[in-house]
Amino acid sequence: MTQAVWLRNDLRLDDHPALSEAQQHGPIHVLFISTPRQWQQHHESPARLGLKAAALQDIADRLADLGIPFTLLETDWFADVPALLQQFCQQQQISDLWFQQETPWDENQRDQAVTVALNNVTVHALPHDLLVNLPVKTQSDEPFKVFTPYYRRWQQILEDTQQSPYPEPKDQGVALPKQTLNCRWAGEFRSDLWPGSEAAALNKLSAFCEFKLQDYKKQRDFPGKPATSTLSPYLANGQLGPRRLLAAVQFFCGEQNRDWRHDDWLRELAWRDFYKQLLIHFPRLNKFQPFKPETRHVQWRDDEAGFNAWCEGKTGFPIVDAAMRQLNQTGWMHNRLRMISASFLSKLLFIDWRRGEDYFLDKLIDGDFASNNGGWQWSASTGVDAAPYFRVFNPTLQSERYDPEGQFIKRFVPELANVPAKQIHNPPAELRQQCGYPQPVVDYKQARVDAIAAFKGLPQSD
DNA sequence: GTAGACTTGAA
DNA sequence: TCAAGTCTA
């Protein structure tokens, strides 16, 4: 009997538990369901959809080579999926349906509806696509709300258990023609920076681990340096499996005589798991709610001009503007800059963090609901383990510290290309005028004081 | 119940 | 130094 494997945000053949396990029960048939209107409602960016389409084409080609049938179905909304799947399973005489669970709410609801609808098919909902899938809980069996203790427990589990990548599916020995997929929903993306194939993603992983992993901790905070992995788009689409990342870290740490268990890049993967498990345990995070209930009462400012200036990279704060233009032009933003620009919107412009959250998703090629929401709530001081509300980033200081020569600013703010390093972080008014660069949209000192005061006045309990 | 700790900070 | 409160063992 045929085993159907439903791919969602795990668009890969390597290290794929559902593909691997399903094939042990019989021949597999792989499928993917496009839901462009649902994606649009979820703010999935054109760039992300472009990379997704490229990943799917790569998968379709490779499955054909392996004699494994692949079907691409399309509808508008998750709500239509159960009926569509029912029809598919009937036509293809499917006995079992396999998939990996996803964390966000709507996806979860969809899967439950599918399980109910497919009464003649055995549904195998495998654990979420995390590195550590075993429950990471406190001694009183509660989910962790603070990262560091979560990380310690996570590390312990990783040391105690063997997590190896799952092998690619085996050749099913049937001659199949190649298909050209027609993904009309695909958008433009920087395929020069993120080639769509899984092989390219794996190469990028190896190259990063071989050449950058060792200095990651020291260099990662400087957006002008190519020190980070830039693998996040592949992680968002699941083009790289978590155990494959671990195996790469372990291998190259071995080569370099370093202890993989305390690797700082691996720690960032713990953050990924941490934010995803929060969504599972605290459904309100899926529903536009802050984690800290009392912060619902924060009076965010209405400021269309400020919001637009932020979106366009015209705030008059060079590091913020360079960051936003990097996002707009490439679909990606360096982690340090995400913090600086999120802090700027939520604390200095004092605009609702959810507007920033949506804008990021609209533009990011690596937009992931859990990580994005976690990051924004951290910046806005509304989340678990959030920055204390009185901790407000000073964009000029951050700029001096992490882009001392203005190298990154000059790359994305050409108006300031000839400004000396000393002045580039906060150019004097006349110089701005000469360069055609905007004056600051807020007074930093005053905005900082106002933001802290607005939080201080909140009722203590909900 | 209590001690100690808490991603990335600013002045 | 500041500054608040919550989490975890």
Side-chain angles (χ1 to χ4, degrees), chain A residues 135-156 216-223 225 227-228 232 262-278 281-282 290-295 297-298 317 319-320 323 333-344 346-348 353 370-404 408 425-426 442-462:
Chain A
V136 184
K137 295 283 188 65
T138 64
Q139 286 191 348
S140 39
D141 204 33
E142 298 287 331
F144 284 99
K145 296 172 192 156
V146 172
F147 175 74
T148 304
Y150 173 89
Y151 174 55
R152 291 197 187 109
R153 183 83 197 89
W154 184 91
Q155 252 180 336
Q156 193 60 52
Y216 176 74
K217 189 190 172 104
K218 236 192 296 179
Q219 308 285 358
R220 56 170 291 205
D221 270 319
F222 299 92
K225 296 182 179 174
T228 62
S232 50
H262 299 101
D263 182 75
D264 283 279
W265 188 67
L266 194 61
R267 188 167 176 274
E268 296 301 309
L269 293 178
W271 275 100
R272 177 173 178 272
D273 282 9
F274 178 62
Y275 280 139
K276 282 188 186 285
Q277 60 98 34
L278 282 176
H281 296 299
F282 302 98
F291 182 83
K292 288 185 181 170
E294 70 274 16
T295 61
H297 304 297
V298 173
F317 288 79
I319 193 72
V320 174
M333 194 196 286
H334 186 277
N335 172 259
R336 163 96 8 213
L337 300 175
R338 293 189 200 204
M339 290 190 287
I340 297 173
S341 55
S343 174
F344 188 87
S346 59
K347 293 288 177 65
L348 297 182
W353 55 275
S371 297
N372 191 49
N373 182 269
W376 273 97
Q377 295 224 40
W378 184 87
S379 297
S381 302
T382 66
V384 292
D385 211 5
Y389 69 77
F390 48 80
R391 195 175 282 175
V392 177
F393 278 51
N394 178 333
T396 308
L397 268 184
Q398 289 280 318
S399 183
E400 287 165 355
R401 195 175 301 155
Y402 297 112
D403 189 26
F408 180 79
H425 309 289
N426 184 17
V442 287
D443 175 47
Y444 167 72
K445 277 192 172 173
Q446 189 58 48
R448 177 177 194 277
V449 169
D450 291 347
I452 292 173
F455 268 87
K456 200 164 192 154
L458 287 180
Q460 283 310 306
S461 64
D462 184 29

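What you see below is based on every heavy atom in this structure, not just the backbone, and it leaves out hydrogens, waters and symmetry mates. In the text below, chain A, chain B and the rest are named by the order of the sequence lines, each starting its count at 1. Note that this is a predicted model, so its numbers are computed, not measured.
- Of the side-chain N and O atoms in Gln398(A), none sit less than 4.0 angstrom from OP1 or OP2 of dT8(B).
- Atom pair Lys145(A):NZ and dA4(C):C1' shows a separation of 17 Å (rounding to whole Å applied).
- Taking the six-membered ring where tryptophan is involved, the planes of Phe393(A) and Trp378(A) are perpendicular, since the angle between them exceeds 60° and thus also 30°.
- Formation of a donor-acceptor pair under 3.5 Å by the Asp403(A) side chain with backbone atoms of Phe408(A) is found in this model.
- Counting only Watson-Crick and G-U wobble pairs whose two distances sit under 3.5 Å, DNA chain B takes part in these stems of three or more pairs: B:2-6 with C:5-9.
- Computed from coordinates, the Asp385(A) CG to dC7(C) P distance equals 10 Å when rounded to whole Å.
- The separation of dG4(B) from dA3(C), taken at their P atoms, amounts to 22 Å, rounded to a whole angstrom.
- The main-chain N or O of Ala342(A) is found under 3.5 Å from a side-chain atom of Ser346(A) such that the two form a donor-acceptor pair.
- Phosphate proximity of dC7(C) to Arg152(A): absent, as no side-chain N or O sits under 4.0 Å from OP1 or OP2.
- Regarding Arg267(A), its CZ atom lies at a distance of 12 Å from the C1' atom of dC6(B), rounded to whole Å.
- Tyr216(A) places its OH atom 11 Å from the C1' atom of dT8(B), with the value rounded to the nearest Å.
- Residue Phe291(A) holds its CZ atom at 5.0 Å from NZ of Lys145(A), rounded to the nearest 0.5 Å.
- Listed pair Lys456(A) / dA3(C) fails the phosphate criterion, with no side-chain N or O lying under 4.0 Å from OP1 or OP2.
- Within the nucleic acid shown, Phe222(A) has no heavy atom closer than 4.0 Å to any nucleic acid atom.
- Side-chain atoms of Gln398(A) do not come within 3.5 Å of backbone N or O of Ile340(A) as any donor-acceptor pair.
- Nearest to the side-chain atoms of Arg448(A) among the listed nucleotides dC6(B), dA11(B), dA9(C) stands dA11(B).
- Asp264(A) places no side-chain N or O within donor-acceptor distance of the main-chain N or O of Lys217(A), the cut-off being under 3.5 Å.
- Ring geometry for Phe274(A) versus Tyr150(A): interplanar angle of 30 to 60°, hence tilted.
- For Arg272(A) (side chain) and Ser371(A) (main-chain N/O), no donor-acceptor pair under 3.5 Å exists by modelled atom type.
- For the pair Glu142(A) CD and dC7(C) P, the computed distance is 10 Å after rounding to whole Å.
- Separating the CD1 atom of Ile340(A) from the P atom of dG9(B) is a distance of 10 Å, rounded to the nearest angstrom.
- A side-chain donor-acceptor contact under 3.5 Å links Ser381(A) to the backbone of Ala387(A).
- No donor-acceptor distance shorter than 3.5 angstrom exists from the side chain of His425(A) to the backbone of Pro395(A), with no hydrogens or angles considered.
- Nearest to the side chain of Arg336(A), among dC7(C), dA9(C), dG9(B), sits dG9(B).
- One interatomic measurement links the two molecules: NZ of Lys292(A) to C1' of dC6(B), which rounds to 11 Å at whole-angstrom precision.
- When the side-chain nitrogen and oxygen atoms of Arg401(A) are compared with OP1 and OP2 of dT8(B), none of them lie within a distance under 4.0 Å.
- Within residues 388-397 of chain A, the residues having any heavy atom closer than 4.0 Å to DNA chain C are, in order of number, Tyr389(A), Phe390(A).
- Checked against dA9(C), dT8(C), dT8(B), the side chain of Gln139(A) finds its nearest nucleotide in dA9(C).
- An OP1 or OP2 oxygen of dA11(B) is reached within less than 4.0 angstrom by a side-chain nitrogen or oxygen of Tyr444(A).
- In this entry the distance linking CH2 of Trp378(A) with C1' of dG9(B) reads 8 Å, nearest Å.
- In this model, the phosphate group of dC7(C) is not approached by any side-chain N or O of Arg153(A) to a distance below 4.0 Å at OP1 or OP2.
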